[in-house]
Amino acid sequence: MDDGKPTGPQAKWWSRPTARRADHPEPAGGPAPANAPEQEEPAAVPAASDQASAPASPSDAAAPADEPEGQAVPRPRTPGQPLHEPDEYSTPPYGGPGPWAPAPPVQRPTPALGTVVPPGAGGPPPQYPATNGAGIPAPAPPSAPAPAPHPAPGDGHTPPHAQPAGAFAAPQPGPADAYAPPPAQPQPHANAQQPAHPAPGHQHQQTQWLQYDPWGAPGQPFTRPGPPEGAEPGRKKKRRGGAFVGVLLLALVASGIGGGVGAYIERNGGLTTVELPQAGRDNGDRAPDSVAGIAASALPSVVTLHVSGTAESGTGTGFVLDGQGHILTNNHVVAPAGSSGDITVTFSTGETASAELVGKDSGYDLAVVRVRGVSGLKPLPLGNSDNVRVGDPVVAIGAPFDLSNTVTSGIISAKQRPITAGGEKGDGSDVSYVDALQTDAPINPGNSGGPLVDSRAHVIGINSAIRAADSGGGPESGGQSGSIGLGFAIPINQGKRVAEELISTGKATHPVIGVTLDMKYTGDGAKVGTKEAEGGPAVAKDGPADKAGIKSGDVITQVEGQRVHSGEELIVKIRAHRPGDDLDLKLTRGGEERTVTLKLGSASGT
């Protein structure tokens, strides 16, 4: 039976009806028989028809006596009658179609009671009355009355609900369906067949019921259409590639920043600035008897000498004696200049001036030079070497290895150390005999001629020699060994006398006793020789020794109560005094000791 079913092509299981293809027309007489092969063409979507031309319910329409050929007309049904006649093949009732039964139209959600349907969203009414979920028809909203029927124009024999071929006709609810929702104007499908001439006065509305979403915003589609096939994968791939490039750039930037921060931390010790506590600046004042105070007082009077001659050159130290520009230094410092060399003096301020030789004496190893045209000179005060005691603190100032203004400190480690220096000529004319002050203040080559000052910054000695280690040559052998804590300075008392003579006469005098000593004697004491170097007597006639009764072969053992062990020591002890001084000597003659007193004579130095 076709009661209640629209005529037209069969729809496949749960497939949405689509437009029928023109090349497969529907055979006349309605649906295909049961044993006919199933058609693969999709059914057409019900076309929009003027529902106003249909009666209020299927029961109000009577089928005409003769039906037009090729057109199916729905027949009225009794209310409560099943939609299907019993099926000899046991086809399930409507709602579970069998293999030969057409699928029902797609049921769209019915708005709940009281839901306001947006304007323009009305669609075809459902085939069956809306229910409340328990099978009881739901009452229709009072604001949406059923539209009034409109007679269909055209042939008077046209049955009600006449639909174009190939389309489903949506039945209208009858009086029994009083609670059905009001019908709305359907929107034609894109592929549905439309009447060529719609009924007069009827307005077609394009429905959006198929896209209606009762939970969405009005006018929005039920589902959002996806991108065209094949477009989305490409876009994802492009996004994936862009994301990979972005991650790579981010990694490069992060590594660069990290490397820069690491280098900065490594160079600066951290990201924060470290500030350690520190004492403030003071006024620079020091106690006058401290090393710093002594150095500050003495340095302006100390100079550095650069000497150059035809054969050699050297560097030494000196200090200012007076305001006329006289400077005291060692003889071996200025010796390289000879008689025509250059001597340059550099002051502690860095200023330089040319100097000239005033006088020198090899026996005392002292010399005086003078600078002219220099003002503001500060003489260094002279002390008294006789007042020095072993253990007194001292400061040595000089230019060791041409490092000017070098200050070292120590103590007086011994007094009256007889030392000899020089002797490079071989005839003994350049040998120096010094009754020296010994100090452990570091003295090195370049310190020669510099001052050795006491705690009051007074000069007590002139740094002249050092004792080198046995494995290295010292000044006696012409070596350049460094300090081992054995430095020697000419006492300032002797230096003062010699400097005065050199400034006054250009020469210095030596005290003598008028004897010739046997320098090869190995016994204890100084032995008077048998004859002089030129063959004359060893004791000068009418000399100081002759007048005191000293004879050839006597051995002198003490001078002024101090033991002497060699001829060099006797010379050192004698030169520690001035000419004209009286000396007490103790000697041995034939195993007997004798004491004699004599007055020192004078001899010109070289």
Between [X] and [Y]: side-chain donor-acceptor atoms closer than 3.5 Å:
{"X": "S313", "Y": "H306", "result": "no"}
{"X": "D584", "Y": "T597", "result": "yes"}
{"X": "E593", "Y": "T588", "result": "no"}
{"X": "N493", "Y": "S385", "result": "yes"}
{"X": "T346", "Y": "E351", "result": "no"}

Nearest-0.5 Å distance, [atom1] of residue [X] to [atom2] of residue [Y]:
{"X": "F347", "Y": "I327", "atom1": "CZ", "atom2": "CD1", "value": "5.0 Å"}
{"X": "I419", "Y": "E569", "atom1": "CD1", "atom2": "CD", "value": "12.0 Å"}
{"X": "R594", "Y": "K551", "atom1": "CZ", "atom2": "NZ", "value": "9.0 Å"}
{"X": "Q558", "Y": "L583", "atom1": "CD", "atom2": "CG", "value": "13.0 Å"}

Tell me whether [X] contacts the main-chain N or O of [Y] through its side chain, where contact means a donor paired with an acceptor under 3.5 Å.
{"X": "T315", "Y": "G446", "result": "no"}
{"X": "D440", "Y": "I411", "result": "yes"}
{"X": "T317", "Y": "A399", "result": "yes"}
{"X": "N330", "Y": "H332", "result": "no"}
{"X": "S448", "Y": "G316", "result": "no"}
{"X": "N447", "Y": "I443", "result": "no"}
{"X": "S290", "Y": "R286", "result": "no"}
{"X": "R575", "Y": "H510", "result": "no"}
{"X": "D289", "Y": "S455", "result": "no"}
{"X": "T406", "Y": "P400", "result": "no"}

Would you say [X] and [Y] make side-chain contact, with heavy atoms under 4.5 Å?
{"X": "E501", "Y": "K507", "result": "no"}
{"X": "K599", "Y": "P544", "result": "no"}
{"X": "V528", "Y": "Y521", "result": "no"}
{"X": "L585", "Y": "T595", "result": "no"}
{"X": "K586", "Y": "I556", "result": "no"}
{"X": "V596", "Y": "I550", "result": "yes"}

- Assess whether side chain to side chain donor-acceptor pair (under 3.5 Å) is satisfied between S483 and N444, documenting all intermediate values. CA-CA 6 Å; S483 173; N444 293 282; 4.9 Å; no
Below 4.0 angstrom, N of the basic side chain to O of the carboxylate: do [X] and [Y] qualify?
{"X": "E356", "Y": "R372", "result": "yes"}
{"X": "K360", "Y": "D365", "result": "no"}
{"X": "D554", "Y": "R589", "result": "yes"}

- Give the C-alpha distance, both sets of side-chain angles, the deciding distance and a yes or no for side-chain contact (heavy atoms from CB on, under 4.5 Å) between V394 and I460. CA-CA 9 Å; V394 292; I460 59 173; 3.6 Å; yes
- Step-by-step side-chain contact (heavy atoms from CB on, under 4.5 Å) determination, L486 to I466: CA-CA 6 Å; L486 293 174; I466 61 174; over 6 Å; no
- I would like to know whether I513 and L598 meet side-chain contact (heavy atoms from CB on, under 4.5 Å); could you show each step before the answer? CA-CA 8 Å; I513 60 175; L598 56 80; 3.8 Å; yes
- Message: Counting only heavy atoms not in K415 (residues, nucleotides, ligands), do more than 12 fall under 6.0 Å from its NZ?
- Response: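 Yes, because the 6.0 Å sphere around NZ of K415 holds more than 12 heavy atoms from other groups.
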- Item | Full working for salt bridge (charged side-chain N to carboxylate O under 4.0 Å, His left out) between K573 and D435 | CA-CA 7 Å; K573 297 302 181 180; D435 193 17; 3.6 Å; yes
- Message: Could you go through I343 and V334, starting from their C-alpha distance and side-chain angles, then the distance that decides it, and tell me whether this counts as side-chain contact (heavy atoms from CB on, under 4.5 Å)?
- Response: CA-CA 8 Å; I343 302 174; V334 299; 4.3 Å; yes
- Item | Check against side chain to side chain donor-acceptor pair (under 3.5 Å), H458 and N384 | CA-CA 8 Å; H458 293 174; N384 191 331; over 6 Å; no
